[in-house]
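As C-alpha cells, the structure follows; a few thoughts come after it.
Starting from 1, each residue takes its place in the sequence as its number.
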Amino acid sequence: MGMWELVVVLIVGLVVLGPERLPVAIRTVSRWIKTIKSVANSVKAEVNEELRIHELHNNLKKAEQQNMEDLAPALKESVEELKKAAESVQHSYKQPVQQSPVEQKNDNQK
C-alpha cells in the first residue's frame, strides 16, 4: 500500500468512524494483523518441521535400501540425527521417577 492510499484510508476512516473511535479501530485492526501473522508463522514452522521429518524418513528408507553401507554424507547425517533423537527418547524413559512427598509418606506407612 502506497503513502497516498494509506492517507485516503485514514481520511475515510476518520469520516466514517469519527475522531473518537478511529484510534480504537486502528488498535483493533493492529491486534488482528498481529494475530494473523502469529498464526501464519506457527503454521509455517509446523509445515517446515513436517517437511524436515519427511525428508529424514525418506533418507532413512534410502539408507535401509543400501543396507547402511556406502551412504552419502547427507544420508549419514540424517541417520545420525535419527539415532540421537531415538537415544534422547529412550534416555528420558530410563530416568527414575521421583515420588511426591504424599506418595513417600504412603509408602512409609505400609
Side-chain angles (χ1 to χ4, degrees):
M1 199 182 257
M3 166 122 171
W4 292 111
E5 293 170 339
L6 188 58
V7 170
V8 170
V9 168
L10 287 174
I11 291 172
V12 170
L14 185 60
V15 170
V16 171
L17 297 174
E20 300 85 28
R21 292 188 287 174
L22 185 61
V24 175
I26 290 173
R27 281 192 295 271
T28 303
V29 169
S30 174
R31 283 188 207 125
W32 289 347
I33 290 171
K34 287 180 185 177
T35 302
I36 291 170
K37 284 183 180 180
S38 173
V39 168
N41 287 335
S42 172
V43 169
K44 181 179 175 182
E46 287 181 30
V47 167
N48 285 338
E49 183 65 19
E50 287 297 322
L51 289 173
R52 189 179 73 80
I53 290 171
H54 183 70
E55 180 181 355
L56 287 173
H57 185 70
N58 286 340
N59 287 344
L60 184 60
K61 282 184 179 179
K62 288 179 187 176
E64 287 175 350
Q65 289 172 352
Q66 294 178 3
N67 294 325
M68 304 296 243
E69 297 173 0
D70 299 326
L71 299 177
L75 289 177
K76 285 182 182 178
E77 185 178 318
S78 294
V79 170
E80 289 301 318
E81 188 175 344
L82 288 170
K83 284 181 183 177
K84 287 178 185 176
E87 287 174 6
S88 70
V89 169
Q90 289 176 350
H91 187 63
S92 67
Y93 282 117
K94 290 180 181 178
Q95 294 176 351
V97 177
Q98 294 181 348
Q99 290 182 337
S100 69
V102 173
E103 290 173 334
Q104 289 175 352
K105 183 178 176 182
N106 289 340
D107 286 344
N108 291 335
Q109 290 177 352
K110 291 180 182 178

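- Looking at Glu5, its side chain does come within 3.5 Å of a backbone N or O of Gly2 through a donor-acceptor pair.
- Nearest heavy-atom pair across Leu17 and Ala25 is CD1-CB, 3.4 Å.
- Residues satisfying the salt bridge (Lys or Arg N to Asp or Glu O under 4.0 Å) criterion with Arg21, sequence neighbours excluded, are absent altogether.
- A donor-acceptor pair under 3.5 Å is absent between the side-chain atoms of Ser30 and the main chain of Ile26, judged by distance alone.
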Apply side-chain contact (heavy atoms from CB on, under 4.5 Å) to Ser38 and Lys34, showing your working. CA-CA 6 Å; Ser38 173; Lys34 287 180 185 177; over 6 Å; no

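- In this structure, CG in Asn48 is found 10.5 Å from CG in Asn41, a value given to the nearest 0.5 Å.
- Scored by the side-chain contact (heavy atoms from CB on, under 4.5 Å) test, Val16 finds Val12 as partners (sequence neighbours excluded).
- Take Glu81 and apply the salt bridge (Lys or Arg N to Asp or Glu O under 4.0 Å) test, not counting sequence neighbours, and it matches Arg52.
- Listed for the Thr28 side chain is a donor-acceptor partner under 3.5 Å among the backbone atoms of Val24.
- Remark: of the listed residues Thr35, Val29, Ile36, Val29 is the sole one forming a side-chain contact (heavy atoms from CB on, under 4.5 Å) with Ile33.
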One pair to check against side-chain contact (heavy atoms from CB on, under 4.5 Å): Leu10 and Leu14. What are the steps and the verdict? CA-CA 6 Å; Leu10 287 174; Leu14 185 60; over 6 Å; no

